[in-house]
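Side chains included, hydrogens not; waters and symmetry mates left out as well; all remaining heavy atoms used.
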Amino acid sequence: MEQQKLNAIFQGRVVFPGDSEYDQARQVFYGGIDKKPAAIIRVANTTDVQRAARFAQKEKLELAIRSGGHSVAGYSTTDGGLVIDMRDMRNITIDAAHKTMWAGAGLTAKEVTDALDKQDFVLGFGDAGSVGIGGITLNGGVGFLVRKFGLAIDNLLAAEIVIASGEILQVDESNHPELFWALKGGGGNFGVVTKFQYRLHNLGDCYGGMLMLPATPEVIAGCIKVAQEAPDELSVILNVMPAFPLPFVPKEHHGKMAAMALIMYAGDPAKGEAAVAPLKALAQPYADTTKPMRYKDIFFPGDASYHPTAVSRNMHLRTFGVKDAETALEWLDKLNAPMKALQLRALGGAMAKIPEDATAYANRKQPIMANIAAFYGTEDEKQEHQQWIEGFSSALDQNDSSAYVGFLGPTEQHRLLDAYPQATLDKLREVKANYDPDNFFRLNFNIVP
């Protein structure tokens, strides 16, 4: 690949093997992914994206699209191919009068959230501030505001996308509506989205934080019951895991199994305190950081050196009672790992009120999302932990194989029908055939035309 020629094509920077910044530029969020692209193009604008896609096609190079680099399956990078790195496309234009925003696909959830906070607006993307808005939006976007304001895609009004032909399209409900529908949960299958337009929501002071409780079966089941019965303003992400040695967690609890609830009440702080009170009444907390706050402060501080190596399994559950919690604790006790967790998200609320066929994200009626994860150090540990996850997930299984596409791993391409019901998948394949008939955009949870 002729470096001088490639540099001349793009307004943004092109990073090659041997460049001082190459190893940092190719690093993605998750550890254990050590791919070496032939070039990384830090695109400056949509024209750069268009040229990069055409160059990859012409040279028959595998193409990866990187926003925040959080792809569980490692789709943000490639061995020997070309990476379109969106991280320099970070423009934000907020229209306060109409409560809308255009945002570049290279922005992170934290960057957008901080910008919106200055005008008392919010938009839910996920639960990590470092996640790129590009990937999480296209997969659906399940986060701290899901019960009050829906998924990220439920607030998507329009997008700009470079498709396989090289055309730049503006898509919305009136323009290319079938493609716009597919972008709402269909992932990166249809092109490179360069910017998104979103509907915004007013929220000033709210209530939230972290509540760490002892992990007894009654407490775990009680947390889920409270979360499901609470007003839609309350979203709870419950992590059953060994207690982190955080400064505000007493030392005697470090490493003990705990129920760590990440809590966001998207409304009046006094009402939020009342809504969270039943959670605090379940047991004497190990730690409690809940308080009146701004939504932007719900994210843990980022750490650029944090690159976890983990295996995981995503699934949905209809119920989660004391018996299920007992089973979970038994399985968590079976594995010796630096970090092991069962994450439970009470869904419902706004996301469940939208018809299942309104977007490509169709698994809207499932009440609880579960994610089982374990960190590993060696390849042998990886295999052992993967077997543990398979057993754990089988023990919790409630005959619902559905899953969230954003949490599916590198060996789970066979779960297409878990991510998309048959009718949804059929429609996605039609859209794929129309906009990417040769499956050029295939480094993703791939939908074959």
Exercise. Please determine if Asp114 and Lys110 form a salt bridge, counting it only when a charged side-chain N lies under 4.0 Å from a carboxylate O.
Key: yes

Self-check item: SB check Lys427 Glu178 (cutoff 4.0 Å)
Solution: no

Quiz item: Salt bridge check: are Lys184 and Glu173 linked by an N-O gap of less than 4.0 Å?
Solution: yes

Quiz prompt | Check ion pair Asp288-Lys280 (N to O, under 4.0 angstrom) | solution = yes

Quiz item: Charged N to carboxylate O under 4.0 angstrom, Asp48 versus Arg42?
Solution: no

Quiz item: Can Lys334 and Glu330 be counted as an ion pair, charged N to O under 4.0 angstrom?
Solution: no

Exercise. Determine yes or no for a side-chain-to-main-chain donor-acceptor pair under 3.5 angstrom, with Glu111 supplying the side chain and Thr108 the backbone.
Key: yes

Practice problem: Inspect the contact between Asp34 and Arg26 and indicate whether a charged nitrogen and a carboxylate oxygen are less than 4.0 angstrom apart. | Solution: yes

Self-check item: Pairwise ring-ring contact (aromatic ring centres under 6.0 Å, His included) hits with a residue in residues 190-237, at least two apart
Solution: Phe125-Tyr198, Phe149-His201, Phe196-Tyr198

Practice problem: Answer yes when Glu233 and Lys271 have at least one side-chain N-carboxylate O distance shorter than 4.0 Å, and no when they do not. | Solution: no

Practice problem: Output, in order, the C-alpha distance, side-chain angles, deciding distance and verdict of side chain to side chain donor-acceptor pair (under 3.5 Å) for Ser130 and His70. | Solution: CA-CA 8 Å; Ser130 60; His70 272 248; 2.9 Å; yes

Quiz item: Quick check: does any side chain N or O of Arg345 sit under 3.5 Å from a backbone N or O of Ser235, one acting as donor and the other as acceptor?
Solution: no

Quiz item: Is a salt bridge present between Lys291 and Glu273, judged by a nitrogen-to-oxygen distance below 4.0 Å?
Solution: no

Quiz item: Is it true that Asp333 and Lys340 make a salt bridge, defined as a side-chain N closer than 4.0 Å to a carboxylate O?
Solution: no

Quiz item: Going by the angle between their ring planes, with limits at 30° and 60°, are Phe392 and Trp331 parallel, tilted or perpendicular?
Solution: parallel

